[in-house]
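The sequence lines fix the lettering, A, B, ..., with proteins before strands; numbering per chain opens at 1.
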Amino acid sequence: MAEPIICPVCGESNPADMEFCKNCQSRLLPLTGPLKDEDGPIHPGQIPTKKVTAELEPILPEWLREARKQARQSAEDEPTITGGDKQTKPLTQTPDLLAGLADQNKQGDEDDETPDWLRSITGAPAKKKKNEQDSSQVKWVELGHNEEPGKDVPGSESAGLPWMRGGESAPEKDELTEWFKQAASPAAPSGENLTFTKTEAPAPVQPDRSTPTTPVSSAGEVPVGTKDIQPYERESVKDLTGSALSSDIEIPDWIKKLDAETPSAGQHTESGKDAPSPAFSSDTDIADWIKKLDSGTPLVGQQSESSKETSTPALSSDKDIADWFKKLDSETPPPGQQPSSSKETPSPATMLPDVPDWLKSFDEAAGAGQSGTESGEALPDWLKTAGPSVQETPAGPAPAEPAIVQSQPIPEKNLPLSELPDWVSSLTPIEPRAAEPREPAVPAFQMEAPATSPAEPVSSVSALPTEPPAASPAGPVPAASAFTEIPESSDDVDAIFASMKIPDWLADITPSQPSPEEGLPPAAQAEEPIEPAELPSWVQAMRPVESAMRDSTAGPLDSRLEERGALAGLQGVLPAIPGATAATSKPKSHSIKLDATDQQQAHAALLEQILSAETAPVPMKADSVPRSQRVLRWALSALLIIILGGVIFGKTQIFPLPAQVPNETIAAIQAVEAIPADAPVLVAFDYEPATIGEMEASGASLMDHLLLLKHPRLALISTSPTGAALAERFMASTLAQRSYQSGAQYVDLGYLPGGLAGVFDFSQNPTAVMPLSADSAEVWNTQVMQGVTHLSDFAAVIVLTDSVESGRVWIEQTELARGNAPLIILSSAQAGPMFVPYVDSGQVKGMIAGLNGAAGAEQANGGLPGFVRRYWDAYSLGLLLVVVVMFLGGLWNLWLGIQDRRVHEAG
Amino acid sequence: MNLLGLALVVLSAFFLLILSLIKRKSPPKLRGIPALTRLYRAVGLSVEDGTRLLIGLGGASLLTQNGGAPLAGLGLLRHLTERTSLSDRPPIAAAGESSLALLAQDTIEAGYQGAGAGEYYQPTTGRLTGMTPFSSVAGMIPILHDENVSTTVLVGHFGVEAALLAEASERENTFLVGSSDALSSQAALFASAHETLIGEELFAASTYLGAGPSHSASLTVQDVLRWIIILVLLAGTVLKLIGFI
Amino acid sequence: MSPDLITGMVAFLFTLMILSYLIGDNPLFRVAVYIFVGVSAGYVAAVSIRQVLWPDLLQPLYQGFLFGMSLRQAVLAVPFFLSGLLLMKAWPPLSRLGMPAMGLLVGAGAAAAVGGAVTGTLFPQVNATIAAFDITGVTSPESLLNAGLVLAGVITTLVYFHFGARTRADGSVRRFGLIEIIAFLGSVFLAITLGVLFAGVYSAALTALIERLHFFGTFFGFG
Amino acid sequence: MRIAALVLAVLTGVIVLVGYFIPVLNPIQTIFLTWAIILAGTAALVGVFNLILVHGTKISQREKGRIYSAILLICLFAAFFFGLVLGPDHPGMRLLVNAVIVPVEASLMAVLAVTLLYASIRLLRRRANLMSVLFIATALLMMIGSATLPFGEVGALNNFLRPWFQHVLALGGARGILIGVALGTLTTGLRVLIGADRPYGGK
């Protein structure tokens, strides 16, 4: 009677023959222990027990069934394969599945929606569409979302990782399935896949990830996993020519085993012998991490301290991806799945708001893996992280999945999650930071990621927590994409996990330490159909070698046991069973914590600042309007009024009138003197009351001269409503000495409306347009207007105007109708210069402009009525005073203006 | 000469019509005019501040030779009204001529309706501030002081009296963009206004502030006619010098 | 008290009230301005009726009703009807009725502006510019030089107003290089022109101030 | 109404415009222009109503400055009534013009003498560029040339430089401005005539 077994979980005592605890159903006998019908561990190269797994065939997922079928066919088709042949075999299948992805990537590049500001931060080269994107991206920043669904910023959940959109998971499943099919042969890419491939590939691991796949890439047959990370991988490929050359012969033995799974066993041993490890197949970086592994430095807790230390998991994950990929080529699941899945995993993993227990176990396992690799450098790193149990069976995880699941088929698109733990284990220290809500990991990781240089994969990983950013072509962008997707609410987290669409067979696997709020994981039900320890042969192949068993107990992190499921009892085995990560999917909620270093927080704050600068509305600055200077205004007013008033009141005549009379003034005087006596003359008063002082002074002399000499009959008219009153005032006050009376010597036609049109009409038919005088009396049949029916009947037309426009109207609109009647302009100084050309051209016979022009007329008129002389001293003195003040004040203000400009430019 | 003038007008109308109907992918590139740039900012600022915009249309009758400037002012008024119709304080249009004041009312109403805010239209926002040039300007000065005006735009036919508004706006510390088709007032405004639109720039104001395609088309036509006139001047000069004409 | 004295006193008061604006905006200035606006508006409105509507519209129609309509009088029925519609604009609810009248007014105004611009400005100014080069009328070489300067001023100023531009490599929107150079010369001519005009404007304003001061002197017996 | 307004505007505009270039149409053009002038006169009355409405609203709503509005309305009614009854040509109306309109406008013009001086002094602080400097320099030159000195006048300045600036340099720029304004007027007017701009109402 064997002694009862104490359940390590619940402490319940169980009979010795029980494999599972009757209380908690946890495995009592670790798989590492002797299994049924098995004695002792398998030694390296040992052929596993042949197990008939045919009955499992129907329940295998479709892709796996196809894979197996394909493998069989290939095995049948091919004759006995030599090691070298076998090594090349996986590569022979890659082109088909990569052809489509090449297109996808190409298109993906075209549709890269990285905003320019983000691009500038990351240092990534700007896209050609940059300018077009600017506005929209800015809008996106301002509005907090991108208006174009297909143009989300990398890392945005919705588009960055389409498969994460819970709502859209169903259609994506189809697209993904389609994509998988396309991956097997050159096919057109799908839009979903673009974002899909774009947003995975975390910056820190990409360069490393590319390393083992380089050989394939160099052969022009890039596996999906590497193809998707081309932007920075291409550079790394150039750096890794050595590994590229050796790629074809650098295939781990476990692949050969997989290849030979259907063929004879002899080949297994063969392949087992001459298969170099992927570690050696990759470039010198590998040697570094091997050294580090030798040093046995534990990863967890020290990753942030030393970049070299952290490099190990990254490398392992990368090589792992390449390894399983090669394996998939031979193992026959549609190859597109694995890489894509492995690429997908970073994003969801980094988005995990809280590190689940199984992830912690990865950390521990990672440490264990190192100790485990002391003797097994050739093994893929994910095997190291998986702990000792899988030391000798590199192909473990992927093939193991179907074995674990025997109840539900695996949805193809969910397979990617199977690879989650590997690289997640390398990123474990980062994840919590990435999950902090107040400081989205985007900036933090964004700023860190650039440190990743394709040529320095190790530092790229190590830089994550600590290193400041450095330019990297494209690495940061996907990294940002992965980290920007960190949901800040538990709901978001649920949505992400829900959208992951973890296959049930994976979801059923329980995490090693389920959180209390989680009920019994569905894995418990999934296990039922499984007969404990009735493992398929290839699962048996996963059993650890003795050395690994010894090592597994050596490390402090090895104490963790898998308690449930087919692998119950295994230590640190979860990383080897990526599906197990999916078992933690659909958590209720996770608190989001980010353990960011000060530097990361500084970087995050920096990016936040940049973002806020983008979103913050720029307050419109009012144009500076110079302040009014009352004192200056008062001083100028006082100066002018006092000085000019003194001159006016003093009636001084110090300043002489201009000696030279302008030509146009002389012409005006001559024109007036040429008017026949007692002839009808039309006088237009087209000025405003504002200029009455100047206009009366300008016109008085000539009009007085005319009335004195020729006694003309006047017809007064105005195109201004107030003109008639001004005309009356002119006749009554300015020309009072001539005692002209309305109706006797002159008539006031009054206001001529219509401006240009009115003047034109009047010039065409004066009697019809202005039939009545200002006082509504008949005028054309009076004695004053006797013989006047047309404009040409007037002996002259005299226009008193203060504006260029009204003067031009009279000049131009009456030109034809005037006939030989001369036109004389009496204008304000402000309009005078513009009439000179008309004087020169003869359209205007003469002109008097302002006081200067009137001075000559006044002198010609014997000083009567003498307005100019009265005003001239004040006028001249005033102008000189103004010139001095304007000159000095102008210089002073010019200097002040320059000062202001300097201050403005400086400030 | 008459037929030549008619041909010029018909040709201009044809080009204007065609260019107005052509759907351009992007508005035509125009040289920068600092006054209009500042005006554009000032208009936005007035909406943000909830202050008022005062648009002076001048005192010219439409039937005078100066009727073009008030029409340009009405075009600008329409556009500004649409832009600022939802402001706390709607813009005020001040005219110095009765028919212009009525047109200002119609334009403002149309602008409100164009902006889908017809119910906010107030007839008193289109005002006749005076019926002579100086009285209309004098009537605008109290508006600057009493009605929280932040920006004043003068687009129309103004005389030198416009300088009084510039003076008043400086006292009230409000921004003024002045323009007129009258030469003397352009000189006065150049010295006294914060910003001045010289000559032809007056007619481009609405285009620069984003008015419709017909406005930008008119600028294109102006540019075409400008070069035609320059060529005519040069050719005429040469022909005159050689005594051909 | 004679009307002239009353007029002088009132004018003196208004002059003082307006000049008080030099000190600052104040109630006296406001009162003067509002009175001025009211009086001028009432005066202009009265002028419009007495000197426009009555002689051009109402009187002919009135005479037509009394002594039979001539064709010219009958035609005035159209503006009479439109004027009636236009008056509706005084009452906002019915203001739409005035649209046709305003349409006619605007159409005529626009045509007058266009016609005036072409016949009154474009052709005359272009002709005058070209005519200055008439060899027969040229009295001296310097007059030809002046004519050339005027031509240069006209052309460069016209080019200055050219609106069309293009976006340069640096993103700035500027005109063609040669146009920019010519426009610069145009700006020089413009500055000189505006300076000359400003001097004239200031002369007019200064004369107005002198006239007002002279009025004070006359009012107080100094003039 | 909008359609009628548009039709009337375009029709009238075309007839009046063509009348400028085809003398045969002058009589029709004159008729339409006369109608427009009459309507402008009617518009003056409506404008007065607008003035009354604006200031009446200020008074009724007790807005700021309503007292001034009341003064304005009183003056407006008085001037309108006496002007209508007596006529603008009546001595009483002339007295009104000479006592109010003339002194106020002349005084406002006089105020410009100070404000323009003040503004030109400050110009170089607001816009210190070549145009402003040239503007001020030219203005100063013209003013000196317009004045005489107690001991006579500066011949070259008064009799040569000032006229040359006025009649040559300024003329070129002024013509350029006038032609440019004419071009702007042409296109702006045509926009109305083709119905693109409808200031009389219409969306």
Among the options [options], pick out the one with the most heavy-atom pairs lying under 4.5 Å from chain C.
{"options": "D:L171, D:T138, D:V85, D:T188", "value": "D:T138"}
{"options": "D:L112, D:L141, D:V111", "value": "D:V111"}
{"options": "D:M142, D:Q29, D:M131, D:H55", "value": "D:M131"}
{"options": "D:P91, D:A40, D:G184, D:A106", "value": "D:A106"}
{"options": "D:S146, D:G47, D:A36", "value": "D:A36"}
{"options": "D:P88, D:G83, D:G41", "value": "D:P88"}

Less than 4.5 Å to any heavy atom of chain D: does that hold for the side chain of [X], its backbone, both, or neither?
{"X": "C:R30", "answer": "both"}
{"X": "C:V52", "answer": "side chain"}
{"X": "C:A152", "answer": "neither"}
{"X": "C:F161", "answer": "side chain"}
{"X": "C:V118", "answer": "side chain"}
{"X": "C:A204", "answer": "both"}
{"X": "C:Q125", "answer": "both"}
{"X": "C:V44", "answer": "neither"}
{"X": "C:F163", "answer": "neither"}
{"X": "C:F215", "answer": "neither"}
{"X": "C:V78", "answer": "side chain"}

By a 4.5 Å heavy-atom criterion (distance strictly below it), what part of [X] contacts chain C: side chain, backbone, both, or neither?
{"X": "D:A174", "result": "both"}
{"X": "D:N98", "result": "both"}
{"X": "D:I144", "result": "neither"}
{"X": "D:I37", "result": "both"}
{"X": "D:S120", "result": "side chain"}
{"X": "D:V192", "result": "side chain"}
{"X": "D:L130", "result": "side chain"}
{"X": "D:I177", "result": "both"}

Which heavy atom of [X] sits nearest to which heavy atom of [Y], and what is that distance?
{"X": "D:F135", "Y": "C:L194", "value": "CE1-O, 3.3 Å"}
{"X": "C:S40", "Y": "D:I101", "value": "CA-CD1, 4.0 Å"}
{"X": "D:P103", "Y": "C:T15", "value": "CB-OG1, 3.7 Å"}
{"X": "C:D56", "Y": "D:I38", "value": "O-CD1, 3.7 Å"}
{"X": "C:A110", "Y": "D:L193", "value": "CB-CD2, 4.0 Å"}
{"X": "C:V114", "Y": "D:T185", "value": "CG2-O, 4.1 Å"}

Are any of the side-chain heavy atoms of [X] and [Y] separated by less than 4.5 Å?
{"X": "C:V75", "Y": "D:W35", "result": "yes"}
{"X": "D:W164", "Y": "C:L149", "result": "yes"}
{"X": "D:L108", "Y": "C:F29", "result": "yes"}
{"X": "D:Y68", "Y": "C:P27", "result": "yes"}
{"X": "D:M143", "Y": "C:F198", "result": "yes"}
{"X": "D:F21", "Y": "C:T119", "result": "yes"}
{"X": "C:V196", "Y": "D:L169", "result": "no"}

Rounded distance (nearest 0.5 Å) linking atom [atom1] of [X] with atom [atom2] of [Y]:
{"X": "D:L134", "Y": "C:F189", "atom1": "CG", "atom2": "CZ", "result": "11.0 Å"}
{"X": "D:I31", "Y": "C:R72", "atom1": "CD1", "atom2": "CZ", "result": "10.0 Å"}
{"X": "D:L95", "Y": "C:T7", "atom1": "CG", "atom2": "OG1", "result": "3.0 Å"}
{"X": "D:M109", "Y": "C:I18", "atom1": "CE", "atom2": "CD1", "result": "14.5 Å"}
{"X": "C:T193", "Y": "D:R175", "atom1": "OG1", "atom2": "CZ", "result": "11.5 Å"}
{"X": "C:K89", "Y": "D:N50", "atom1": "NZ", "atom2": "CG", "result": "10.5 Å"}

Who wins among [options] for the most heavy-atom pairs under 4.5 Å with chain D?
{"options": "C:L22, C:L16, C:L190", "answer": "C:L22"}
{"options": "C:A112, C:S48, C:G8", "answer": "C:A112"}
{"options": "C:L86, C:L105, C:V126", "answer": "C:L86"}
{"options": "C:G116, C:G98, C:A128", "answer": "C:A128"}
{"options": "C:L19, C:D4, C:L158", "answer": "C:L158"}
{"options": "C:V106, C:I155, C:L213", "answer": "C:V106"}

Note to self: Run the side-chain hydrogen bond (donor to acceptor under 3.5 Å, both in side chains) test against C:Q73 and tell me which residues pass, sequence neighbours left out.
What the structure shows: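 C:Q73 satisfies side-chain hydrogen bond (donor to acceptor under 3.5 Å, both in side chains) with C:S70 once adjacent residues are dropped.
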Q) Under the side-chain hydrogen bond (donor to acceptor under 3.5 Å, both in side chains) test, which residues partner C:N26, sequence neighbours left out? A)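 With sequence neighbours excluded, C:N26 shows a side-chain hydrogen bond (donor to acceptor under 3.5 Å, both in side chains) to C:S20, given in chain and number order.
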So which of D:L73, D:I74, D:L72, D:L76 actually passes side-chain contact (heavy atoms from CB on, under 4.5 Å) with C:Y34?
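Single pass found, and it is D:L72.
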Can you check whether D:F80's main-chain N or O pairs, donor with acceptor, with C:Y43's side chain at less than 3.5 Å?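 Not a single qualifying donor-acceptor pair exists.
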Between C:V33 and D:V104, is the side-chain contact (heavy atoms from CB on, under 4.5 Å) condition met? List the steps. CA-CA 8 Å; C:V33 163; D:V104 169; 5.8 Å; no
Exercise for review: Using the side-chain contact (heavy atoms from CB on, under 4.5 Å) rule, take D:L45 and C:L53 through it: C-alpha gap first, then chi angles, then the decisive distance, then the call.
Suggested key: CA-CA 10 Å; D:L45 296 182; C:L53 292 180; 3.7 Å; yes
